[in-house]
Amino acid sequence: MSLIGRPVSPSADEASAPRPSGAVRTMLVLGTRPEAIKLAPVVRAMAASALFQPVVVTTGQHREMLQQMLGLLGVGVKTDLAVMRDRQRLSELTARLVDGLGTVIRAERPDLVVVQGDTTTALCGALAAFYERTPVAHVEAGLRTGVLDNPFPEELNRRMIGRVARWHFAPTDRSAAQLRGEGVPPEQVVTTGNTVIDNLLWVLREGAGRSAFRTARRKVLLTLHRRENQGERMRAMGAALRRLAERGDVELVLPLHRSPAVREALLPELAGHPGVRVVDPLDYLDFAATLAECDLVLTDSGGLQEEAPSLGKPALVLRTTTERPEAVEAGAAKLVGTDPEAILAAAGRLLDDPEEYARMAGAGNPFGDGRAAERIVARLTEDFGREGAVNTARRDAPGSYHPVA
Ligand code: UD1
Ligand code: UDP
């Protein structure tokens, strides 16, 4: 029987139950779609362990796009801070998040806070935990573009989380080496693979979704949302993609992010074109089915750069930098940039050159084997499983931070 939608973490009432003796109360903080997708395997692995009592707090940085995922992935929520506002600015979002999360951490008194990735929710979760003297584990640690404001503000977010975290769960050897190079003690860094692969494999095993493609044409899956591209640049990218659709032999599917800034930039260029299907954000089952059916991915998404190579789908990354060079180095992805002509040329080449296509499609996935969450929980079990470790973790927190490189 499928496990899709079966609750794994306690909902509000159940999570208020007294802590079982010796249990490590672990607060997992998430606020956006990718954090739900990438933390769900960790929640599942913790719920299956006798040692951990997982408590999920959502900030509600995203609303519909987050809710859509939580039920499907079985993630029950103890507290929802519901911070999302229309066109939220980073400064006000950050202020609401640090304040709200600080209050929740004081009320819940977790032994450990887990954050994922590089969103403003993740940064504020780490910061609020630090202020409350609670140790932090960072899932998907060590990714870097080397350019502080690209992607904006994610590169800064992940660097700051790296200063605060006690456990750094790096998806690849490269990200682990990056952290050690920044002065993080090697014993605090664990290479795990990326939990997005755990989730993708789980969903493909457990459930069947419906692809959004409707024609027999070449299938191109498109997602765009990054803040640094919003405005005129994203509009110009949309115009280039319309020209791609005008070839006549492709069907472009665009599951459109709910951000009004993204909609304003892309809808005037792409809505209503016969070669383009603009759809609402897809739930993960349908998205996985759509990805599995497509021929080519055009994206500025982080997660999609990791998922596409797992299913043998060439990915053109519509950005000027990537924190996931592993896929480019493996030959599974190309960093195409945001220039309209460059995008058109790269997409055309892949669609028209079967050898180039086969090379990229066969390059393989450098982001793990689907057992990342297992490794994360194994390492935390080692560190918290010792008698008295919970208190020691709290007391030792100030001394355990790494020197500034
Ligand atoms: C955020 C993250 C980004 C991540 C992306 C995943 C930050 C600063 N950015 O970007 O790292 O890649 O999520 O998608 O943390 N909105 C809705 N409903 C929703 C979600 C969003 O209406 O379910 C609208 C709201 O008007 C909101 C806007 O989208 O103000 C932007 O959302 P926000 O979370 O600020 O930024 P994203 O671009 O989604
Ligand atoms: N995704 C989804 N439905 C969609 C678009 C994306 O489920 O309509 C999933 C996708 O599989 C990936 C994640 O959302 O796991 C990526 O999220 P997003 O692009 O919003 O954020 P990023 O990864 O760039 O932070």
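Values below: all heavy atoms of this structure, side chains included; hydrogens, waters and symmetry mates excluded. We count ligands from 1, going down the list as the structure has it; atoms in each ligand are counted the same way.
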Engineer: Going by the atom numbers of ligand 2, which of them fall below 4.0 Å from some non-hydrogen atom of M69?
Structural biologist: 2 (C), 7 (O)

Engineer: Give the atoms of ligand 2, by number and element, whose distance to some non-hydrogen atom of R226 is under 4.0 Å.
Structural biologist: 24 (O)

Engineer: When you measure from the side chain of R371 to the backbone of G368, do you find a donor-acceptor pair of N or O atoms at a distance under 3.5 Å?
Structural biologist: no

Engineer: Would you mind listing every side-chain hydrogen bond (donor to acceptor under 3.5 Å, both in side chains) that reaches into residues 359-368, with sequence neighbours excluded?
Structural biologist: E356-R359

Engineer: In chain order, what residues pass the side chain to side chain contact (heavy atoms under 4.5 Å, CB included) check against Q68, with sequence neighbours excluded?
Structural biologist: P281, D283

Engineer: Who's the nearest protein heavy-atom neighbour of atom 23 (O) of ligand 2, and how far?
Structural biologist: G303 N, 2.7 Å

Engineer: How close does the nearest protein non-hydrogen atom get to atom 25 (O) of ligand 2, and which residue and atom is it?
Structural biologist: P34 CG, 3.5 Å

Engineer: Taking the minimum heavy-atom distance to atom 16 (C) of ligand 2, which of S301, G209, P281, S259 ranks first?
Structural biologist: S301

Engineer: Less than 3.5 Å apart, any donor N or O on the side chain of Q305 or R324 sitting next to an acceptor on the other?
Structural biologist: no

Engineer: Tell me the residues surrounding ligand 1, counting only those with a heavy atom closer than 4.0 angstrom, sorted by chain and number.
Structural biologist: T32, P34, Q61, H62, R63, E64, M65, M84, R85, D86, R87, Q88, L90, T119, T120, P153, E154, H225, R226, R227, H257, R258, S259, P260

Engineer: If you measure from each heavy atom of Q305 to ligand 2, is any distance below 4.0 Å?
Structural biologist: no

Engineer: Between the side chains of S175 and T172, does any donor sit under 3.5 Å from an acceptor?
Structural biologist: yes

Engineer: Do the side chains of R174 and E329 get close enough for a salt bridge, i.e. N-O under 4.0 angstrom?
Structural biologist: yes

Engineer: Just to confirm my output: which protein heavy-atom neighbour is closest to atom 6 (C) of ligand 2, and how far is it?
Structural biologist: R33 CZ, 3.5 Å

Engineer: Can you report which non-hydrogen protein atom sits closest to atom 11 (O) of ligand 2, along with the distance?
Structural biologist: E307 OE1, 2.8 Å

Engineer: Taking 4.0 angstrom as the limit, do R235 and E269 come out as a salt bridge?
Structural biologist: yes

Engineer: Can you check which of I37, L304, L221 brings a heavy atom nearest to atom 9 (C) of ligand 2?
Structural biologist: I37

Engineer: For the residue pair E140 / T195, report whether a side-chain donor-acceptor contact shorter than 3.5 Å exists.
Structural biologist: no

Engineer: For residues Q88 and E92, is any side-chain donor paired with an opposing acceptor at under 3.5 Å?
Structural biologist: no

Engineer: Any non-hydrogen atom of E306 lying under 4.0 Å from ligand 2?
Structural biologist: no

Engineer: G302 heavy atoms, cut-off 4.0 Å: which ligand 2 atoms fall inside?
Structural biologist: 22 (P), 23 (O), 24 (O)

Engineer: Under the ring-ring contact (aromatic ring centres under 6.0 Å, His included) rule, collect the residues that match up with H257, sequence neighbours excluded.
Structural biologist: H62, H225

Engineer: Indicate, with yes or no, if the rings of W167 and F384 have centres closer together than 6.0 Å.
Structural biologist: yes

Engineer: Do any nitrogen or oxygen atoms of H225 lie less than 3.5 angstrom from nitrogen or oxygen atoms of ligand 2?
Structural biologist: yes

Engineer: Are any of the N/O atoms in D280 less than 3.5 Å from those in ligand 2?
Structural biologist: no

Engineer: Using a 4.0 Å cutoff against the non-hydrogen atoms of L282, which atoms of ligand 2 qualify?
Structural biologist: 2 (C), 3 (N), 4 (C), 7 (O), 8 (O)

Engineer: Flag yes if more than 12 heavy atoms outside R89 fall under 6.0 Å of its CZ atom; otherwise flag no.
Structural biologist: no

Engineer: What I'd like to find out is whether the side chain of L101 reaches to under 4.5 Å of the side chain of T59, using heavy atoms alone.
Structural biologist: yes

Engineer: T223: heavy atom below 4.0 Å from ligand 2, yes or no?
Structural biologist: no

Engineer: With a cut-off of 4.0 Å, which atoms of ligand 2 are near a heavy atom of Y284?
Structural biologist: 7 (O), 11 (O), 15 (O)

Engineer: Go through the side-chain N and O atoms of D80 and T58 and say whether any donor and acceptor fall under 3.5 Å apart.
Structural biologist: yes

